[in-house]
Protein chains: 2
Amino acid sequence: MPETRRITSADVARRAGVSRATVSYVLNATPGQSISPATRDRVLRAAAGLGYAPSAAARTLRTGRSDVVLCLLPDWPIGNEVGNLLGNLSTALAREGLTFVAHPGSRADRPIAEIWKAITPAAVLSFTDFSDDETEAMRAAGVALVVALLGRAGRHGRELEVPQQLVGRRQAEHLVGTGHARLGYAYPDDPRLRIFADPRLAGVRAALGRQPVVETVPLDAEPAAEAVRRWQAAGVTGVCAYNDEVALAVLAGARTLSLTGLAVIGVDDIPAARLAVPPLTTVTTDQRTLATHLATTVVAAVSGRPAPMLPTADLIRVVTRESA
Amino acid sequence: MPETRRITSADVARRAGVSRATVSYVLNATPGQSISPATRDRVLRAAAGLGYAPSAAARTLRTGRSDVVLCLLPDWPIGNEVGNLLGNLSTALAREGLTFVAHPGSRADRPIAEIWKAITPAAVLSFTDFSDDETEAMRAAGVALVVALLGRAGRHGRELEVPQQLVGRRQAEHLVGTGHARLGYAYPDDPRLRIFADPRLAGVRAALGRQPVVETVPLDAEPAAEAVRRWQAAGVTGVCAYNDEVALAVLAGARTLSLTGLAVIGVDDIPAARLAVPPLTTVTTDQRTLATHLATTVVAAVSGRPAPMLPTADLIRVVTRESA
DNA sequence: CTGTTAGCGCATTCAC
DNA sequence: GTGAATGCGCTAACAG
C-alpha cells in the first residue's frame with residue numbers, strides 16, 4: 001500500500017510551472033486578477049491531471065469559515081416530514097456548493113457552542129430560537145447566517161413561521177368549507193412541540209375568527225376519548241389536529257366512543273394517514289419548494305445578498321380523504 | 001461592537017509567560033512530557049481566564065482529522081426510529097468528545113467523497129455499503145473508521161446486521177408461539193428498503209425453519225387487500241410485516257376484505273401502531289443500547305482499540321397488543 | 001527534568 | 001504574475 005501523500009496546491013504549481021498563488025487565483029477564479037488563458041489552462045490541466053482537491057481544513061483555517069451548513073435538530077422526535085425537508089435542503093444546498101449536515105441531540109447534552117466550534121460552519125440553522133448571546137458568539141466567530149426556523153415573530157426566521165400559521169388556516173378553512181361551524185383543536189401532549197403547535201393554532205383561530213375549543217390529546221385512545229367527549233359536549237363537529245398522529249388519536253378516541261361523523265383533519269400526510277379508519281384528510285406542505293427557498297436564503301446570506309421572499313401560493317395543500 | 005479577535009494559544013502562552021509548545025503540551029496532557037505543576041497551573045489558569053478554545057480548523061489541518069463523526073443517511077425516508085437512533089448516537093459520542101453529524105441526501109446527488117472531504121471526519125458511518133474504492137480513499141485520507149451499518153455479511157459492519165435478523169426471528173417466534181404455523185411475510189414496496197428487509201426476512205425464515213409466503217405490500221389498502229387474498233388462499237394465518245407501516249397496510253387490506261382474525265406483527269412501534277384498528281402488535285429495538293454500542297465501536301476504532309461485542313440479550317422486545 | 005526553537009500542515013491574499 | 005506573510009496548533013529536535 002503506497003503511502004499516498006496528499007496532493008497539494010504546491011504540486012499543482014510545480015507541475016504547471018507557476019506559483020501557488022497563481023494556482024489559487026485560477027482555481028478560485030478570483031476576480032480582479034488577470035491571468036493569461038495559456039497559464040490558466042496549464043494550471044487547470046495540471047490540477048485535473050493530478051486529481052487535485054483543495055484541503056477543506058486548510059481552507060477553513062485560512063478563510064475562517066467552511067462550506068458546511070449546520071442544522072441543529074430539535075430534541076423532539078423528528079418524523080418523516082422533517083427528514084424529508086432535510087433531504088431536500090441538502091440537495092438544494094449541494095447545488096450551491098454547500099454541504100449540509102444535521103446535528104441531532106438536545107442542547108442539554110452539550111452546549112451548542114461546542115458543536116459549531118467543531119464545524120466552523122458557514123451558516124447555522126435551528127428549529128428553535130437562539131439566545132442573543134449565542135447569536136452574537138456565532139456572528140463573532142464568523143458564522144454568516146444564523147436562522148431560527150421557528151421562534152418569536154419579528155426575528156430572523158419568519159420564513160417558516162408563516163407557513164405554520166398557514167397550515168392551521170388551511171385546516172380550518174377546509175372544515176368550515178365543508179359545513180363545520182364549531183371547531184375543536186387537538187393540541188399535542190408533548191410540550192416540546194409547542195413551538196410548532198402554537199402558530200398552527202393561531203392560524204386556525206385566525207381563519208375561524210375565534211378561538212376553537214382546544215383539548216390536549218395524548219397519543220392514546222382512552223385519554224383521546226375523553227377529549228372527544230368534551231368536544232361533543234361543546235357542540236364541536238370538526239377537529240383540526242396538530243398533526244396526523246394526534247389526528248389518529250382523535251379518530252381512535254371517537255371509535256372508542258362508537259362515535260361516527262366527527263370530522264378530523266391532520267397535518268403531514270404520513271403513510272399511516274391513508275391507511276387509517278377512516279382514511280385521514282390532511283394538509284401537506286410542499287417540502288421541495290420550502291427547502292429550495294431555505295437554501296436560497298442561506299446562500300444569499302453567505303454571499304451577502306438579500307434574501308428572497310417565500311412563495312406561499314401553492315405551498316400548502318389539503319389532501320381530502322374520508323375523515324373530513 | 002469590538003472586533004473580537006480570536007484567542008489563540010499564543011495569547012495563552014504570552015499570558016502564562018511560556019512558549020506555545022508548552023501550552024500545547026499542558027492542554028493536551030501530552031504523554032512523555034514532564035511539566036512542572038506550577039507551570040501547568042499557570043497555563044491552565046491563563047487559558048481559563050482568557051476563555052481559550054483551540055481552533056478546530058487548525059487542529060484538523062495539523063492532525064489530518066477532526067473530532068467529527070459523519071453519518072451518511074440513506075436516501076429512503078427516515079422515520080422516528082432512525083431519528084431516535086441518531087439522537088442516542090449523538091449523545092453517546094458526545095460523552096466521548098466526538099461531534100456527531102448526519103448528512104441526508106442520496107449519493108446520486110453528490111459523490112460521497114465530496115461530503116467527507118468537506119468534513120475531514122474521524123469516522124464515517126453509513127447505512128449502506130461502501131465500495132472498496134470509496135473505503136480505500138477514505139482510509140488513505142486518514143478516516144479512522146468506515147462502517148456500513150448494514151450490508152453484505154462478513155464485512156465491517158456486522159454490528160447492526162445481526163439485530164435485523166433478530167427482528168425477524170422475534171416476529172416469527174411470537175406468531176408461532178401464539179399458534180400460527182403458516183406465516184406470510186409482508187415485504188416493502190420500496191426497493192430501497194431491501195437492505196433492511198432482506199435480513200429481517202431471513203430471520204423469519206430461520207425461526208420458521210422454512211420460507212414464509214412473501215408478498216410485496218404497497219402502502220395502500222387496495223393492493224394490500226390483494227396480498228391478503230393470496231395469503232388466505234395459501235392458508236396463511238399470521239403475517240410478519242417489514243415494519244409498522246406495512247403492517248398497517250396489511251390491516252387495512254384485511255379490513256377491505258372484511259376479514260378478521262389475520263394475525264399481524266410489525267416493527268418499530270410507531271405512534272400510529274397503538275392507535276390502529278386493531279392496535280398493532282410490534283417489535284421494538286432498544287435504541288439506546290444499540291446507540292451506546294455503536295458509539296463505543298466508533299471510539300474504539302478511532303483510538304485503535306478493539307471493538308466490543310453487541311449485547312443482544314434484551315435488545316429486541318415484542319410489544320403485544322391486539323393484532324397478534 | 002523543563003521548557004524552547006523551529007518548522008510543518010495548506011490554501012489564501014497583500015504588496016510588489 | 002510572484003514572494004512572503006497569515007491563519008492556528010502540533011511536535012521533533014534541542015538547550016538549559
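Because the structure is a prediction, the values reported are computed rather than measured. Excluded from the calculations below are hydrogen atoms, water molecules and symmetry mates; all remaining heavy atoms, backbone and side chain alike, are included.
- Listed pair B:Ser36 / C:dG3 meets the phosphate criterion, a side-chain N or O lying under 4.0 Å from OP1 or OP2.
- An OP1 or OP2 oxygen of D:dC10 is reached within less than 4.0 angstrom by a side-chain nitrogen or oxygen of B:Arg59.
- Closest contact between the side chain of B:Ser34 and the listed nucleotides D:dC8, C:dC1, C:dC10 involves C:dC1.
- Summarising the geometry, the separation between CZ on B:Arg40 and P on C:dC1 is reported as 18 Å, rounded to the nearest angstrom.
- A side-chain donor-acceptor contact under 3.5 Å links B:Asp11 to the backbone of B:Thr8.
- Whole-Å rounding puts the B:Arg62 CZ to D:dG7 C1' distance at 15 Å.
- Formation of a donor-acceptor pair under 3.5 Å by the B:Ser126 side chain with backbone atoms of B:Asp129 is not found in this model.
- In terms of phosphate contacts, A:Ser24 brings a side-chain nitrogen or oxygen within less than 4.0 Å of OP1 or OP2 of C:dT12.
- There is no side-chain donor-acceptor pair under 3.5 Å between A:Thr289 and A:Thr292.
- Under 4.0 angstrom from either OP1 or OP2 of C:dG9 there lies no side-chain N or O belonging to A:Arg6.
- Residue-level contact check: A:Val18 touches the backbone only, with heavy atoms under 4.0 Å from sugar-phosphate atoms and none from bases.
- Side chain of A:Tyr25, nearest nucleotide from C:dT4, C:dA15, D:dC8: C:dA15.
- Taking atom CG on B:Asp67 and atom C1' on D:dC10, their separation rounds to 14 Å, with Å as the unit.
- Residue-level contact check: B:Thr22 touches the bases, meaning some heavy atom is under 4.0 Å from a base atom.
- Across C:dC10, D:dC8, D:dG3, the shortest atom-to-atom separation from the side chain of A:Leu61 is found for D:dC8.
- Atom P of nucleotide D:dC8 and atom CG of B:Asn28 are separated by 17 Å, given to the nearest angstrom.
- The side chain of A:Ser19 lies closest to D:dT2, out of D:dT2, C:dC10, C:dG3.
- In this structure, CD1 of A:Ile7 is placed 15 Å from P of C:dG9, rounded to the nearest angstrom.
- Between C:dT12, D:dG3, D:dC8, one nucleotide has an atom nearer to the side chain of A:Ala21 than all others, and that is D:dG3.
- At least one donor-acceptor pair under 3.5 Å links the side chain of A:His103 to the backbone N or O of B:Phe100.
- Between B:Pro121 and B:Ser66, the shortest heavy-atom distance links the atoms CA-OG, 3.7 Å.
- Going from atom CG of A:Leu50 over to atom C1' of C:dC10 covers 16 Å, rounded to whole Å.
- With rounding to whole Å, B:Arg42 atom CZ is found 9 Å from C:dT4 atom P.
- In this structure, B:Gln33 places its CD atom 11 Å from P of C:dT4, rounding to the nearest Å.
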